[in-house]
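First comes the structure, then the notes that go with it.
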There are 2 protein chains.
Amino acid sequence: MVPEKTIERLSLYRRILLQVRAEGAAMIFSHQLAAMARVNAAQVRRDIMQLGCVGVPNGGYDAGDLLDSIDEFLYPPTFQKVALVGVGNLGRALLAHFAGRWRRLSVRAAFDKDPAKVGREFSGCPCHAVEALPRVVSELGISIGIIATPAAQAENVAELLCDAGVRGLLNFAPVRLPGPTHVYIENVDLTSALDKVAFFARQCEREALASGAGGTR
Amino acid sequence: MVPEKTIERLSLYRRILLQVRAEGAAMIFSHQLAAMARVNAAQVRRDIMQLGCVGVPNGGYDAGDLLDSIDEFLYPPTFQKVALVGVGNLGRALLAHFAGRWRRLSVRAAFDKDPAKVGREFSGCPCHAVEALPRVVSELGISIGIIATPAAQAENVAELLCDAGVRGLLNFAPVRLPGPTHVYIENVDLTSALDKVAFFARQCEREALASGAGGTR
DNA sequence: GGGTGTGAACGGATTCACAGCA
DNA sequence: TGCTGTGAATCCGTTCACACCC
């Protein structure tokens, strides 16, 4: 119903608005927000339409109202809990990144199969054994899983999480997880991302050379 | 010219083919590859079209040939060098993730402003002071930059990298970097990604409840 | 028959363009 | 006048459908 990209951008607008408000601006125009988010102004207005309108035809948007509307639209009325599986380098980085960043979204449990990690806390989040996953996830009512395990374990872990009642997965393992259940799955493929940048960087290089202005900048 | 998504998928097909080959299969059909990559078979064939054909009308694709074609298409003839800026939790995780993973793509330098990190190695990659960035990047001929700094520094760092002659940026800082130069920019927004999963997870929840089969699974 | 390569149809997201309003 | 809200047009990626070949 709501385009996925719109949700991503609303999350971005929200961060921009927090900053804008901190700087004391009360009103903001779609074209200003667009410039800061590097998108088209019509795009911004269309995204905001999804919230139900809050703009004034000539005065722009009230930054505070807009922020509130986005919060209400994007975040749950009640708390939404997250679990992370795979407390390796990437897992720890994600725990640190996501710790205490959201009002109504929080990482409550981590899981790893390494006994040396079980029982410790990472960025304030207790680490359990993978065996305890089904119990902990359903007891805490966790609804979102983050997968940061190696590729080999990812599919297994995904199944465990889904069976335990999770409704969304954010997968960082370099495999595409299947989707057709009643679980929303987002795959973040770091390897593909770097390959893509490398490919198009060469393309840019070639274009720059072709159009004459080669070399540094 | 070539769709971005196609490049991402080719990177994925490549990994799948490596595994397929390791398991000893010589030939593979588009629908098999499609099943493993969780995409449509026509999609696979169309992506492969970009490579120039390698399929046999009824026999499928030779896994080895296909792999070679993808490598040739995706990777540079000569080495392509990468730098990473911001050796925090996320930066170190990315260094570990990308270390020695590609044949013709390698992370050669890291940068941080923390003096305690400068001079050390992380996953085999030497860490320099940010002040040395322009010199090191141009001396080594680095063409790709990975930004893993906090949001506040990201824009500055991006400019430094671009001025030093980089042609592609992979940005993990939670800001959208501008694009109109001759530099390809890919923004990976972890915050948006989690917000999106949370949003659609709730949506899935609601649908599941509405369609009757509520509760676990 | 069954699979590849590809024109054509489809669909979703972005952008344009303008009506309506402060 | 200048911005919002939004129908209409456009663009791009995906999927369908089929001609062609082993």
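We name chains A, B, ... by the order of the sequence lines, and we start the count at 1 in each one.
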Is there a donor-acceptor contact under 3.5 Å from the side chain of [X] to the main chain of [Y]?
X: A/Glu205; Y: B/Arg167; result: no
X: B/Asn187; Y: B/Asp189; result: no
X: A/Arg15; Y: B/Pro174; result: yes
X: B/Arg104; Y: B/Thr78; result: no
X: B/Arg108; Y: B/Leu140; result: no

Would you call A/Pro134 and A/Asp163 a side-chain contact if the rule is heavy atoms closer than 4.5 Å?
no

Contacts satisfying side-chain hydrogen bond (donor to acceptor under 3.5 Å, both in side chains) that involve residues 48-68 of chain A (not counting sequence neighbours) are none

State the [atom1]-[atom2] distance between [X] and [Y], to the nearest 0.5 angstrom.
X: A/Ile146; Y: B/Leu194; atom1: CD1; atom2: CG; answer: 5.0 Å
X: A/Thr149; Y: A/Phe172; atom1: OG1; atom2: CZ; answer: 11.5 Å
X: A/Leu66; Y: A/Leu51; atom1: CG; atom2: CG; answer: 6.5 Å
X: A/Leu12; Y: A/Ile7; atom1: CG; atom2: CD1; answer: 13.0 Å
X: B/Arg202; Y: A/Tyr75; atom1: CZ; atom2: OH; answer: 9.5 Å

DNA chain D contacts among residues 39-47 of chain A, heavy-atom distance under 4.0 Å:
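Within residues 39-47 of chain A, the residues near DNA chain D are A/Arg45, A/Arg46.
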
Sub-4.0 Å heavy-atom contacts from residues 54-63 of chain B onto DNA chain D, ordered by number:
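Residues of residues 54-63 of chain B under 4.0 Å from DNA chain D: B/Pro57, B/Asn58.
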
Within 6.0 Å of CD in A/Glu4, more than 12 heavy atoms from elsewhere
yes

Comparing A/Met1 and B/Ile28 on DNA chain C - which has the more 5′ nearest nucleotide
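Nearer the 5' end of the strand: B/Ile28.
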
Might you point out which heavy atoms bring B/Ile142 and B/Val166 nearest each other, and give the distance in Å?
O-CG2, 3.8 Å

Under 4.0 Å from a heavy atom of chain B: give me the 5'-most and 3'-most nucleotides of DNA chain C that qualify.
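Using the under 4.0 Å cut-off, the span is C/dG1 to C/dA8.
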
Of the residues in residues 4-27 of chain A, which ones touch DNA chain C at a heavy-atom distance under 4.0 Å?
A/Lys5, A/Arg9

For B/Arg38 and A/Glu155, what are the C-alpha separation, side-chain angles and deciding distance, and is it a salt bridge (charged side-chain N to carboxylate O under 4.0 Å, His left out)?
CA-CA 13 Å; B/Arg38 324 281 176 186; A/Glu155 201 147 350; 3.2 Å; yes

Distance under 4.0 Å to a non-hydrogen atom of chain B counts as contact; along DNA chain D, which nucleotides mark the start and end?
D/dG13 to D/dC22

